[in-house]
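Quick notes on the structure that follows.
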Amino acid sequence: MATFKLNINGKEQEVDVDPSTPVLWVLRDHLNLVGTKYGCGIAQCGACTIHLNGTATRACMLTVSSVGNSEITTIEGLSEEGDHPVQKAWLEVDVPQCGYCQAGQIMTASALLEKNPNPSDEEIEMAMNGNICRCGTYTRIKKAVKLAAKS
Amino acid sequence: MTLVKTKIGRRAFIRNTGLASGGLVIGFSWLASCKMTPEQVNSLPDEWFDLNGFLKVGDNGMVTIMSPNPEIGQNVKTSMPMIVAEELDTAWKNVIVEQAPLNTDIFTRQLAGGSQSIRQGWESLRMAGATARHMLKEAAAQAWGVSVDEITTKDGVLTHEGSGNSAGYGEMASAATAIEVPEEVQLKDNGDFSIIGTDKKNVDGKKIVTGKPLYGLDVYKEGMLTAMIVHPPAFGMKFKSMNAESVKSMPGIKDVFHFEAYPEDTEKRWSDGGAIPELVAIVGDSTWECMQAKKALDVEWEEVSKLESTSYHDQVLASLLEKPQEEPARKDGDVDAAFAKAAKIVESTYSAPYLAHNTMEPMNFFAHVTPDKAELLGPIQTPEFLEQTLVSRLGMPAEKIDVMMTRMGGGFGRRLYGTFAVEAAAISQKMNAPVKLVYSREDDMTQGTYRPSYKVKYKAGLDENGNLIAWHVRGAGTNDDLIFENRFPAGAVDNYLAEKHSLQTNVTTGAWRAPRSNFIAGAEQAFMDEVAEAAGKDPLEFRLELFDRAINDPVGDPETNDYDPERYAGVLKLVKEKANWGSETGKARGVAAYYCHNSYVAQVLELEDGGDMPRVDKITCAVDCGIVINPLAAKNQIEGGMIDGIGHSTFSAMTFEDGRPEQSNFDTYRLMRHSEAPKNIEVHFVDNGIDPTGLGEPSLPPAIGALSNALYKATGRRYYKQPFINDKPPLVG
């Protein structure tokens with residue numbers, strides 16, 4: 001066990017955990033931030049996507065000891081009132097079905113738009129390919145990303 | 001207006017003042033902990049009045065509607081309350097939706113399965129709204145001293161034109177609780193609907209996109225321990241021994257023990273199918289610590305039955321296709337005689353592998369079992385069956401067991417089988433502590449309860465004019481005999497023979513979205529295309545000809561034929577028009593239609609040019625599911641179903657070597673991804689005013705047929721073996 005000071009959603013948080021603990025479980029089990037989801041544990045499904053210094057990162061294979069001073073943003077911290085353009089577009093298009101993967105999809109999409117405000121269909125697909133949606137909301141996700149890009 | 005007796009679910013309409021206390025409140029307190037939107041907080045009433053088990057009206061006119069059925073992504077949590085709100089005649093903006101816990105006193109069939117929530121809930125949901133509206137009207141009539149028949153309602157406002165009186169529902173809610181529950185209520189005419197048939201967004205949408213706790217895995221409670229299980233690594237094996245001592249002392253680990261989730265005397269029901277009787281439990285403070293202990297634990301397993309491989313399943317299923325069924329499932333006319341005189345015969349065999357459900361949220365459940373009470377909270381499609389099994393497993397009467405449902409990160413049939421919740425209860429009882437059981441992805445994917453593996457052989461005979469004169473289907477599956485003998489084309493062919501076999505295996509199987517149909521539709525519709533081609537006819541027109549036959553001169557008793565040929569033909573005609581079938585698009589196109597879960601779906605699917613596995617460019621889909629409650633969500637369901645069918649038939653498979661699953665996570669089990677998904681989807685609904693039927697499943701099965709048929713046009717070869725990505729022609733030379 002070791003103590004780690006983490007910068008999460010603009011706030012400093014301290015946790016006492018095993019250094020090998022993935023950020024996913026630190027967020028969920030220790031900090032009550034459950035918006036970041038567990039899907040596969042091997043960085044294949046994208047349900048656990050967070051921003052690490054603004055880059056979409058899979059939290060399930062990111063050990064807490066490797067984070068250092070990097071800034072972590074989770075779905076809870078993407079916007080204060082849930083009104084980030086990507087969140088608004090998701091609601092406008094009524095993207096979710098079961099909804100479980102959508103926090104991860106939104107985090108990947110918002111990181112993409114930060115770097116590429118006007119992505120092509122192919123760029124959207126390439127950026128989003130690491131995020132599986134088992135319900136098959138892919139066509140609406142693409143529509144929502146494009147809608148968010150416009151705003 | 002239609003006058004109906006309130007007999008269905010009448011218990012729900014008899015006011016029960018106990019409703020606001022006891023177990024129910026426990027259920028709501030967790031779910032209500034999610035923050036409400038600022039508008040909702042501002043408009044929350046000071047007092048709520050229960051009018052019946054489905055709804056309560058606040059003193060300010062806000063209405064809380066309980067959504068009775070489990071929400072797995074099929075959107076019933078929005079569409080079921082819409083039906084109640086419609087008959088209550090309040091505005092949708094006044095409605096707050098809550099997930100109801102299991103309550104067999106009030107609700108009937110609290111189950112997510114068979115695409116039946118709306119179809120079977122339709123009448124009781126309407127009655128719940130209409131009964132409450134009647135009581136509010138009666139209360140207003142008494143207050144104003146006028147006849148109840150002269151009072152009208154609209155958007156939550158009561159009006160008596162003659163006297164000029166008007167009041168919001170909130171003002172009459174208190175008085176309405178004293179009104180006697182009517183014996184009969186009037187339901188709206190379809191033409192008067194103002195909520196049903198309009199687009200309403202997912203009621204949980206805001207919570208989903210902001211990451212609020214909604215799912216079973218998001219349950220965290222005071223003093224709660226985390227548990228994981230270790231199950232046998234192969235089907236046909238069971239626990240022998242383990243060395244748990246060193247693991248027990250690992251950080252954060254509370255206990256490691258072998259246990260029987262289902263001791264022999266447990267009364268099991270179908271929802272316990274796939275249960276693994278003996279497991280190892282690891283209980284600790286956190287998920288990661290349990291995962292570490294799981295890795296370190298050394299368990300010895302022993303073989304108790306045959307260790308089966310995929311090659312074995314394939315071989316036995318293939319041999320079953322050569323074996324006649326002693327008593328055929330259905331026999332019309334004489335297929336042998338017809339084949340003997342046929343001008344052309346077409347014959348093909350299709351196959352598909354096992355599939356895992358792979359809900360994005362792995363199996364999990366919270367349980368807190370004490371000697372006096374059992375509290376269960378989590379993702380379950382069959383809460384009532386779970387409670388019944390727990391009565392037997394825990395030796396506790398149902399009154400002491402509370403089962404509550406969270407929103408589910410997918411179902412697809414997997415959560416019909418609540419074995420994981422029984423395991424959670426057993427672990428909690430042993431630990432005498434609140435416990436959340438969590439399956440790892442690997443536990444989830446290798447546990448079983450799979451879509452069976454299937455093979456089917458078709459043979460069709462055509463006369464010299466290209467008319468279908470004989471159809472023979474023989475199917476086989478693992479733990480499932482596959483064939484729906486009375487479905488199309490039964491009833492449309494004079495000589496028809498349907499035979500089916502099942503291979504009993506120890507690889508456990510269960511219902512997977514659109515059971516059986518999820519394979520047989522694709523095979524049948526692909527074969528239909530081959531037959532149409534042999535007949536020299538357009539595949540869509542060929543199907544319509546057969547429906548004409550079934551409409552005008554059905555073979556056998558039309559009551560036995562399990563479809564309505566006019567509605568079937570109706571969706572084909574609609575898709576023909578919407579996709580401009582027959583006009584040249586320069587793209588490879590395939591058509592298919594299927595009927596299941598009481599609904600009819602036809603699709604035209606168009607592929608992009610090029611490649612071994614060309615991508616779907618566009619799907620045009622026509623659906624007849626009767627009245628569409630929420631067109632927006634209905635389209636979402638239809639889209640998702642088609643992508644599900646296309647994705648799995650193209651990419652996915654579970655295979656076994658000596659009983660061991662060869663896939664355990666998404667690195668080896670391939671699911672469709674963004675860049676492989678259909679680019680454009682268009683959905684059209686038949687508007688016929690018929691009571692609503694299934695929607696969650698019916699779009700999946702035909703999509704596989706439409707894809708097969710388009711692939712043939714694109715590549716010039718037929719695809720017989722799923723997943724299609726592996727169905728490559730043998731290398732020549």
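Residue numbers begin at 1 in each chain, while the letters A, B, ... track the order of the sequences.
The closest side-chain heavy-atom distance from Met291(B) to Trp25(A) is below 4.5 Å. The side-chain heavy atoms of Glu81(A) and Thr210(B), taken from C-beta on, include no pair separated by under 4.5 Å. Within the 4.5 Å cutoff, the side chain of Asp667(B) has heavy atoms near those of the Ile42(A) side chain. Between Tyr100(A) and Thr359(B) the shortest side-chain heavy-atom distance does not fall below 4.5 Å. Side-chain contact between Arg140(A) and Asn636(B): present, with at least one pair of heavy atoms (C-beta onward) separated by less than 4.5 Å. Residues Gln102(A) and Val209(B) are not in side-chain contact: their nearest non-hydrogen atoms beyond the backbone lie 4.5 Å or more apart.
Residue contact with chain B, scored on non-hydrogen atoms closer than 4.5 Å, involves the backbone and the side chain of Glu92(A) alike. For Met126(A), no part lies under 4.5 angstrom from a heavy atom of chain B. Proximity to chain A (any heavy atom under 4.5 Å) is restricted, for His357(B), to the backbone atoms N, CA, C and O. With a 4.5 Å cut-off on non-hydrogen atoms, Ile681(B) touches chain A through its side chain but not through its backbone. Within the 4.5 angstrom heavy-atom criterion, no atom of Gln74(B) approaches chain A. With a threshold of 4.5 angstrom between heavy atoms, Met360(B) approaches chain A through its backbone and through its side chain. Both the backbone and the side chain of Ile132(A) have a heavy atom closer than 4.5 Å to some heavy atom of chain B. Both the backbone and the side chain of Ser20(A) come within contact range of chain B, judged by heavy atoms closer than 4.5 Å. Only the side chain of Ile141(A) comes within contact range of chain B, judged by heavy atoms closer than 4.5 Å. Of the atoms belonging to Tyr669(B), not a single heavy atom falls under 4.5 Å from chain A. Contact annotation for Lys142(A): only side-chain heavy atoms (C-beta onward) come within less than 4.5 Å of a heavy atom of chain B. Both the backbone and the side chain of Met672(B) come within contact range of chain A, with heavy atoms under 4.5 Å apart. Neither the backbone nor the side chain of Asn75(B) comes within contact range of chain A; no heavy atom of the residue lies under 4.5 Å from a heavy atom of that chain. Neither the backbone nor the side chain of His84(A) comes within contact range of chain B, judged by heavy atoms closer than 4.5 Å.
Ranked by heavy-atom pairs shorter than 4.5 Å toward chain A, the options Asp285(B), Leu217(B), Leu671(B), Asp444(B) are led by Leu217(B). Among Pro22(A), Gly35(A), Cys101(A), Cys45(A), the residue making the largest number of heavy-atom pairs under 4.5 Å with chain B is Pro22(A). Ranked by heavy-atom pairs shorter than 4.5 Å toward chain A, the options Thr226(B), Asn202(B), Asp204(B) are led by Asn202(B). Interface check for chain B: of the options Thr36(A), Leu91(A), Asp121(A), the most heavy-atom pairs under 4.5 Å are formed by Leu91(A). Chain A forms more heavy-atom pairs under 4.5 Å with one residue of Arg441(B), Gln637(B), Gln292(B) than with any other, namely Arg441(B). No other option in Ser286(B), Ala677(B), Gly641(B), Gly410(B) has as many heavy-atom pairs under 4.5 Å with chain A as Ser286(B).
Distance SG/Cys135(A) to CG/Asp644(B): 8.5 Å, rounded to 0.5 Å. Within the model, atoms OH of Tyr138(A) and CZ of Arg673(B) stand 6.5 Å from one another, a figure rounded to the nearest 0.5 Å. Annotation: the span from Ile208(B) atom CD1 to Ile75(A) atom CD1 amounts to 11.0 Å, rounded to 0.5 Å. Residue Tyr38(A) holds its OH atom at 11.0 Å from CG of Asn364(B), rounded to the nearest 0.5 Å. Put simply, OH on Tyr220(B) and NE2 on His30(A) are 8.5 Å apart, with the number rounded to the nearest 0.5 Å. The distance from the CG atom of Asp29(A) to the SG atom of Cys290(B) is 9.0 Å, given to the nearest 0.5 Å.
For CG of Asp16(A), the number of neighbouring non-hydrogen atoms (other residues, nucleotides, ligands) closer than 6.0 Å is greater than 12. Heavy-atom neighbours of Glu123(A) CD from other residues, nucleotides or ligands within 6.0 Å: above the threshold of 12. Environment of CD in Glu80(A): sparse, with no more than 12 heavy atoms of neighbouring residues, nucleotides or ligands closer than 6.0 Å.
In this structure, the side chain of Asn665(B) engages the main chain of Cys40(A) through a donor-acceptor pair within 3.5 Å. Judged by distance alone, the side chain of Asn129(A) and the main-chain N or O of His674(B) form a donor-acceptor pair under 3.5 Å.
Side chain to side chain, Glu639(B) and Thr139(A) meet the donor-acceptor criterion of an N or O pair below 3.5 Å. Looking at Asn358(B) and Arg134(A), their side chains never bring a donor and an acceptor atom within 3.5 Å of each other.
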